[in-house]
Amino acid sequence: MEHENAVKEALNALYHHPDDTVRAQADRWLQNFQGTLDAWQVADNLLHDSSSNLETLIFCSQTLRSKVQRDFEELPPGAFQKLRESLTTLLKKFHKGPPKVRTQISIAVAALAVHVPAADWGDGGIVSWLRDEMNMHPEYVPGFLELLTVLPEETFNYKIAARPDRRRQFENELTSKWKLHLVLEAFASWLRLRHGIPGAVLACHPLVHAALSSLNCDPLSDASVNVISELIHHTASPSSGGISAQTPLIQVIVPQILSLKAHLRDSSKDEEDVKAIGRLFADVGDSYVELIATGSDESMVIVHALLEVTAHPEFDIASMTFNFWHSLQLTLTKRDSYISLGSEASIEAERNRRQHVFRPAYENLVSLVGFRVQYPEDYQDLSYEDLKEFKQTRYAVADVLTDAASILGGDTTLKILYMKLLEANAQPGNGFQEWRPAEAILFCIWAISNYVSVVEAEVMPQVMALLQNLPQQAQLLQTACLLVGAYSKWLNAAPASVSILPSIIRILMSGMGASEDCAAAAALAFRHICDDCRKIFAGISKIYLQSIEAAKEDLDKKHARELTVHIDRFAFLFRYVNHPEAVAAEINKHWAIFRVIFDARPWDMRTMEALCRACKYAVRTSGRYIINTIGEMLAKIQFHYQHHHQPCFLYLSSEVIKIFGSDPSCADYLKNLIETLFAHTTCLMTSIKEVTARPDIADDCFLLASRCLRYCPHLFIPSPIFSPIVDCAIIGMTVQHREACHSILTFLSDIFDLEKSVNEEQFKRIRDNVIIPRGATITRILISSLAGALPSSRLDTVTYALLALTRTYGLQAVGWAKATVSLIPRTAVTETESAKFLQGLSDATYGADVNSLIGHAEELSDVCRRNRTVQELVQAALKPLELNLVAPVS
């Protein structure tokens, strides 16, 4: 009773103690308790104890569920029967008890079924066992039905620490049976498995009719909506034979759903019910889009109903139809939809007929969605999450508008939107002083820019003229800048572009001085204009130069933003103006200013990042035209990196290596640059702790190292820094930072794959002298990473590194892997599972591709990560942080 009382006391403190510190301590104690072996018995005892309160029941049911899911292997052999009996008793006990408790116990039983083979449940596995229990104890059916609901869902729950083979077996056990005539929620859950139930059977099934009749209930039954939704998906699923095979069922379902159309406009209807009805209409549209696209009278009834859903004032309801409008647009425009018609003339005629039929619907659609992008009146008070959601809404509407433009044509869609813009301005007392409606329409016009003809001469000149009269409001100015950039090709083609451009530049310059978002939009617009309207490049460059000259005074006292806003303008010019000689001339002309900034603020990360970014784009665009400046640029990088450790110096060096790495005239100072940067970096990162503390440096360092392998191996591989940088990579292999880890593993893969880029034997010998003594350590860390030292999202990158190592060193690498796998206890990974993985590696030595090895790597990863106990056991055996680095072979 000691543990039971301790749990009760901790729960009481967690929920009722007034002191936050005490509550936090109780929470930590309870979490730690859930991981203990005693938690099994204590949770079970308290659940059976009739005196336990609701808080105790919820906690213990969650604990028991979690233990079954993750820690089932803790139990001794033969414990299954007693555990099943206890869980069954609890399921019966709570069949009318607290729903949260019953759900947790149901999930626990389902998780137990995933772990335990069908034979141990008796003939037919858990499905037959469950049927027998329901037949013998009909009074407990509600509890058993919840189990039946969660059973197929737990098939795909990877919190359950089951081995991959067993998980596949369980899925097969469930999908081999469909003899269940149970209530609607369980029915819907089983329908998700979709294994070929004939449409004629379902069309007359009493559960289907029960679900359809429940649609007329008030309030709507969630279970009935789930059933109908799953039935719609079922009729469209290839595994059910497709729409033609399911016609009897479709003819039963669709009329019933269409009869609900009036509820969409019923203001007295509960919002959740309207949302459920909207979901059903959207499911019909998504599932039967190819039938609807024929443009028949029957299909247009569905289209008009979907327009009603789109018109609903609640965005969550209206947006349910957006995917349908996209799918319909694709079906109407893609040639494959008409291929059965044969001749090109027939195809074109039918495409035109259908698009003509649907034009009114898409014209209506443009009018229905435009207002949804309007900023709310209280936009300044929106939380970060609300603002993020609003932006997602705008982009979702933009996608719908592009779908409409694909059917109507961009020019027609533009006219519709422009009329809305005039209406917004024509409101009494407006004159664009109420900026929100105008900004919304300008956003919509921005969204369809790719569909508007560059020779459009009716609306766009008027839109550009209107931009000059807009008030200087930040959001409105930002959208105006985006619009200008999006229509840069139109500006280049417009007859009056020379007269328009000065006012456009003034708008963009205003944007550069506004908020950061507005400045980014203006900079992006400058990029497009520089790319598409090249005749104004020199003028813009002159304006930027004047700005940065004005900001040059008292550099060390200025805020970074005062400098970076001007430097970023140059960066956009250098990046997007496709005139190498002109860009080289500009950077050579202005290098004196850049040099002053390098020397004045090398400690300022933000300014150095902006300056290095501008230099990087200048190098990338100018290529060898910039060679007169490159030597001094590298000298600055080399000097300041040793004192200030700015990662941006490394990524600028990467760009220089890419352009000049093979240039003999640059060999001396590039060799000096490489050795200086890498020597200093290896001193900064002598442990995984130091790599973790400097992930940006690690990322850029090993990106640079990979560039050196590809573009100047003759400078890098024979250098004395090659071996230390490999050791530094081995130290950092298990860094948790995603980009840094990816760069390190890619660098090692590039070393293993050296033959793909370098054929000289001397480089391969140097590589082998460095890698072979470290091969066992590298292999152990890579396999540790597969087994849990790195997140599972890195699986592909780790697997490729292991594959590259194995292809290069063949059976020697397989031997390293065998030695590593032998360290893993057999309680964690069986001989069979180990053999599968090693066979996959062995196959790789004979040319098997990465996909074949990934399957074996995923299996090993799943087995080793199936629960925390196993993962910790494997990592303790493999010791990924023990490096055992050795000196290279001479």
Practice task
State whether the side chain of Arg780 and the backbone N or O of Lys879 hold a donor-acceptor pair below 3.5 Å, judged by distance alone.
Solution key: yes
Practice task
Indicate yes or no for a side-chain donor-acceptor contact from Gln875 to the backbone of Ser784 under 3.5 Å, with no hydrogens or angles considered.
Solution key: yes
Problem - Side-chain heavy-atom pair Leu652, Leu611 within 4.5 angstrom cut-off - result: no
Handout entry: Side chain proximity check, Leu670 to Asp663, heavy atoms < 4.5 angstrom
Key = no
Handout entry: Beyond-backbone contact of Phe702 with Cys728, side-chain heavy atoms, under 4.5 angstrom
Key = yes
Handout entry: Side-chain donor/acceptor of Gln736 to backbone N/O of Ala789, under 3.5 Å
Key = yes
Handout entry: Side-chain (Ser449) to main-chain (Trp446) donor-acceptor, under 3.5 angstrom
Key = yes
Practice task
For residues Asp604 and Gln646, determine if any side-chain heavy atom of one lies less than 4.5 Å from a side-chain heavy atom of the other.
Solution key: no
Problem - Any side-chain heavy-atom pair of Ile630 and Phe660 under 4.5 Å - result: yes
Handout entry: Arg506: partners by salt bridge (charged side-chain N to carboxylate O under 4.0 Å, His left out), with sequence neighbours left out
Key = none
Handout entry: Note: Lys756-Asp750 ion pair, threshold 4.0 Å (strictly below)
Key = no
Practice task
For the pair Phe649 and Phe598, name the ring-plane relationship: parallel under 30°, tilted 30 to 60°, perpendicular over 60°.
Solution key: tilted
Handout entry: Cation-pi, Phe752 ring and Arg807 (6.0 angstrom, 45 degrees)
Key = no
Problem - Between Asp699 and His742: side-chain donor-acceptor atoms closer than 3.5 Å - result: no
Handout entry: Side-chain donor-acceptor contact under 3.5 Å, Tyr800 with Asp753
Key = yes
Exercise for the section: Could you tell me whether Glu609 and Arg606 have a side-chain N and a carboxylate O separated by less than 4.0 Å? Expected result: no
Exercise for the section: Would you mind checking if Arg767 and Glu761 are paired as a salt bridge, meaning a charged N to carboxylate O distance below 4.0 Å? Expected result: no
Fill in the blank from the handout: Rounded to the nearest 0.5 Å, the CG atom of Leu709 sits from the OG1 atom of Thr746 at a distance of 11.5 Å
Problem - N/O donor-acceptor pair under 3.5 Å between Tyr487 side chain and Ile445 backbone - result: yes
Practice task
Mind telling me whether His680 and Tyr641 have parallel, tilted or perpendicular rings, with 30° and 60° as the class edges?
Solution key: perpendicular
Completion exercise
Shortest non-hydrogen pair, Ala844 vs Thr806, comes out as CB-CG2, 4.3 Å
Practice task
Could you give me the CA-CA distance, side-chain angles and deciding distance for Leu802 and Leu786, then say whether side-chain contact (heavy atoms from CB on, under 4.5 Å) is met?
Solution key: CA-CA 10 Å; Leu802 191 58; Leu786 291 177; 4.0 Å; yes
Practice task
Indicate, with yes or no, if the rings of Phe678 and Phe716 have centres closer together than 6.0 Å.
Solution key: yes
Practice task
Check for a donor-acceptor pair, side chain of Arg707 on one end and backbone N or O of Leu703 on the other, with a separation under 3.5 Å.
Solution key: no
Exercise for the section: Please check if the side chain of Ser687 supplies one atom and the backbone of Glu690 the other of a donor-acceptor pair under 3.5 Å. Expected result: yes
Handout entry: Under 3.5 Å: donor-acceptor pair, side chain of Gln478, backbone of Ala474
Key = no
Exercise for the section: Taking the side chain as every heavy atom from C-beta outward, state whether Asp700 and Ser654 have any pair of such atoms under 4.5 Å apart. Expected result: no
Problem - Side-chain donor or acceptor of Thr682 paired with backbone N/O of Ala679 under 3.5 Å - result: yes
Problem - Lys/Arg N to Asp/Glu carboxylate O, Glu675 vs Lys671, below 4.0 Å - result: yes
Handout entry: Cys648 and Asp696, any side-chain heavy atoms less than 4.5 Å apart
Key = no
Exercise for the section: Not counting sequence neighbours, which residues clear salt bridge (charged side-chain N to carboxylate O under 4.0 Å, His left out) with Arg794? List them please. Expected result: none
Exercise for the section: Could you tell me whether the side chain of Ser488 and the main chain of Val484 form a donor-acceptor pair under 3.5 Å? Expected result: no
Exercise for the section: Report yes or no: do Arg595 and Thr629 form a side-chain donor-acceptor pair below 3.5 Å? Expected result: no
Exercise for the section: For residues Met633 and Trp591, determine if any side-chain heavy atom of one lies less than 4.5 Å from a side-chain heavy atom of the other. Expected result: yes
Handout entry: Lys/Arg N to Asp/Glu carboxylate O, Glu655 vs Arg620, below 4.0 Å
Key = yes
